[in-house]
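Notes to accompany the following structure.
If you read the sequence from its start, that first residue is 1, and numbering goes on from there. Keep in mind that this is a model prediction, so the values were computed, not measured.
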Amino acid sequence: MAEVPLSVRDLATTVGVTHSAASQTAAQMACAGLVTHTPDPLDARRRLAGLTPKARALLPRIEAEWGATVAAPAELDAELSMPLGELLRGVAEAVDRRPFRERVAAADRGRGGSPPS
């Protein structure tokens with residue numbers, strides 16, 4: 001979005017979020033004076049979102065923050081026996097196979113507890 005104005009749909013695709021999320025974020029950014037909305041000269045049904053000069057002035061700071069945000073998990077991964085993302089994917093897959101509630105109920109039954117109501 002830093003280079004040229006984009007439609008909300010194109011912005012959502014570029015950033016990898018839903019159309020709704022991109023639309024809501026662009027609206028909030030417009031309220032903060034960071035984004036402008038203009039009609040698309042090629043399609044009157046679409047509006048284009050573009051960065052304001054205020055937003056462009058913030059880009060170096062945002063890029064530095066993003067760099068730190070990417071570096072922190074990488075540093076954490078270096079300290080772990082396996083990357084955190086890989087571990088979390090494994091946890092999600094295991095819970096998909098057998099929900100945590102079922103695991104708790106089975107553990108409770110195994111220790112002689114009564115089943116949850």
Side-chain angles (χ1 to χ4, degrees):
M1 188 162 147
E3 299 304 317
V4 295
L6 295 173
S7 70
V8 171
R9 183 167 315 282
D10 291 342
L11 178 60
T13 300
T14 300
V15 176
V17 298
T18 64
H19 180 275
S20 176
S23 179
Q24 290 173 16
T25 301
Q28 291 171 344
M29 290 177 72
C31 287
L34 300 171
V35 168
T36 60
H37 289 102
T38 57
D40 184 339
L42 303 176
D43 185 347
R45 298 169 297 175
R46 294 185 342 158
R47 291 176 39 155
L48 302 177
L51 295 180
T52 65
K54 178 181 176 182
R56 288 185 188 283
L58 292 171
L59 283 177
R61 198 162 129 201
I62 292 168
E63 289 166 350
E65 289 291 328
W66 186 251
T69 301
V70 170
E75 179 185 330
L76 179 60
D77 281 350
E79 295 178 33
L80 301 174
S81 60
M82 70 185 314
L84 182 59
E86 188 178 321
L87 175 62
L88 292 176
R89 276 189 294 282
V91 169
E93 290 167 3
V95 171
D96 281 345
R97 286 190 301 275
R98 185 171 178 213
F100 202 72
R101 182 172 185 194
E102 288 179 19
R103 295 168 189 271
V104 170
D108 189 48
R109 284 190 303 272
R111 65 173 191 83
S114 58
S117 32

| query | Can you hop from V91 to V104 via hydrophobic side chains spaced under 4.5 Å? | reply | no
| Looking at CG of L59 and NZ of K54, how far apart are the two atoms once the value is rounded to the nearest 0.5 Å? | 13.5 Å
| message | Under a 3.5 Å distance rule, please check whether S23 uses its side chain to pair with a backbone N or O of H19 as donor and acceptor. | response | no
| message | Hydrophobic clusters here meaning ILVMFWY residues chained together by side-chain heavy-atom distances under 4.5 Å, can you tell me if L11 and V4 are in one? | response | yes
| task | Compare all side-chain heavy atoms of L80 with those of L87 and state whether any distance is below 4.5 angstrom. | result | no
| task | Could you pull out the closest heavy-atom pair between A49 and V35, with the gap in Å? | result | CB-CG1, 3.8 Å
| task | Taking the side chain as every heavy atom from C-beta outward, state whether V15 and T25 have any pair of such atoms under 4.5 Å apart. | result | no
| said: Please give me the minimum heavy-atom distance between R46 and S7, naming the atom from each residue. | reply: NH1-OG, 3.5 Å
| query | Which is it for L58 and L34 under the side-chain contact (heavy atoms from CB on, under 4.5 Å) test, yes or no, and what are the steps along the way? | reply | CA-CA 9 Å; L58 292 171; L34 300 171; 3.8 Å; yes
| field | Approximate separation, where rounding is to 0.5 Å, of R47 CZ and D40 CG | value | 11.5 Å
| said: Quick check: closest heavy atoms across D77 and L84, and the distance to 0.1 Å? | reply: OD1-N, 2.8 Å
| query | Taking atom CZ of R103 as the centre, does the number of heavy atoms from other residues, nucleotides or ligands within less than 6.0 Å exceed 12? | reply | yes
| message | Could you measure the distance from the CZ atom of R97 to the CD atom of E93? Nearest 0.5 Å is fine. | response | 6.5 Å
| note | Looking only at heavy atoms, the pair that brings A12 and T18 closest together is CB-O, 3.7 Å
| request: Check the side chains of E65 and T69 for a donor-acceptor pair under 3.5 angstrom, ignoring hydrogens and angles. | output: no
| query | Is it the case that more than 12 heavy atoms not belonging to R98 sit under 6.0 Å from its CZ atom? | reply | yes
| task | Measure across L51 and R56 and return the closest heavy-atom pair with its distance rounded to 0.1 Å. | result | O-NE, 4.0 Å
